Amino acid sequence: MVMFFNILVRLVDLYTFIIFVYVILSWIPVKRGLLADIDNVLAKLCEPYLGLFRRFIPPIGGMLDISPIVAILALQLVVRLLYIIF
């Protein structure tokens, strides 16, 4: 059981890193090339999860999107709670 949770924590940490890289890449305007391909792959991985939070959290001032921060915190909280419960 401990090994399962170690793997789960590692996967959540990896997904958190992927979200972080996706957010950083969103600040860089890319239209084509390797960065655009990476951005497309990361968008397909991150947008379904981030979209859940973007429905409820509007951008601050119309420009600042804090939904990735809340999404990462929620993901980390759920994994840590599961680890405590089991």
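Note that this is a predicted model, so its numbers are computed, not measured.
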Sequence neighbours left out, what passes side chain to side chain contact (heavy atoms under 4.5 Å, CB included) with V41? Give chain and number order.
L45

CD1-CG distance between I19 and L75, expressed to the nearest 0.5 angstrom:
6.0 Å

For M63, the other hydrophobic cluster members (4.5 Å side-chain criterion, sorted by chain and number) are none

Go through the structure and list residues passing side chain to side chain donor-acceptor pair (under 3.5 Å) with Y22, not counting sequence neighbours.
E47

Apply side chain to side chain contact (heavy atoms under 4.5 Å, CB included) to I24 and list each qualifying residue two or more places apart in sequence or on a separate chain.
F20, W27

Give a yes or no on whether L25 and L34 share a hydrophobic cluster (residues Ile, Leu, Val, Met, Phe, Trp, Tyr; joining criterion: side-chain heavy atoms under 4.5 Å apart).
yes

For residues 56-82, the ring-ring contact (aromatic ring centres under 6.0 Å, His included) pairs (sequence neighbours left out) are none

Under the side chain to side chain contact (heavy atoms under 4.5 Å, CB included) test, residues paired with A36 that sit two or more places apart:
V30

To the nearest 0.5 Å, tell me how far D13 CG sits from I18 CD1.
11.0 Å

Which atom names give the shortest non-hydrogen contact between A43 and P48, and what distance separates them?
O-CD, 4.0 Å

Applying side chain to side chain contact (heavy atoms under 4.5 Å, CB included) to L64 and not counting sequence neighbours gives I60, I66

ILVMFWY clustering at 4.5 Å (side-chain atoms), partners of I7
M3, L11

When every non-hydrogen atom of A71 is compared with those of L50, the smallest separation belongs to CB-CD2, 3.6 Å

Residues at least two apart in sequence or cross-chain that pass salt bridge (Lys or Arg N to Asp or Glu O under 4.0 Å) with D65, listed by chain then number, are R54

ring-ring contact (aromatic ring centres under 6.0 Å, His included) pairs, two or more places apart, involving residues 30-55:
Y15-Y49, Y49-F53

Which pairs count as salt bridge (Lys or Arg N to Asp or Glu O under 4.0 Å) when at least one residue sits in residues 26-44, sequence neighbours excluded?
none

Side-chain polar contacts of residues 77-86 - donor-acceptor pairs under 3.5 angstrom, sequence neighbours left out - could you list them?
residue	atom	partner	partner atom	Å
R80	NH2	Q76	OE1	3.1

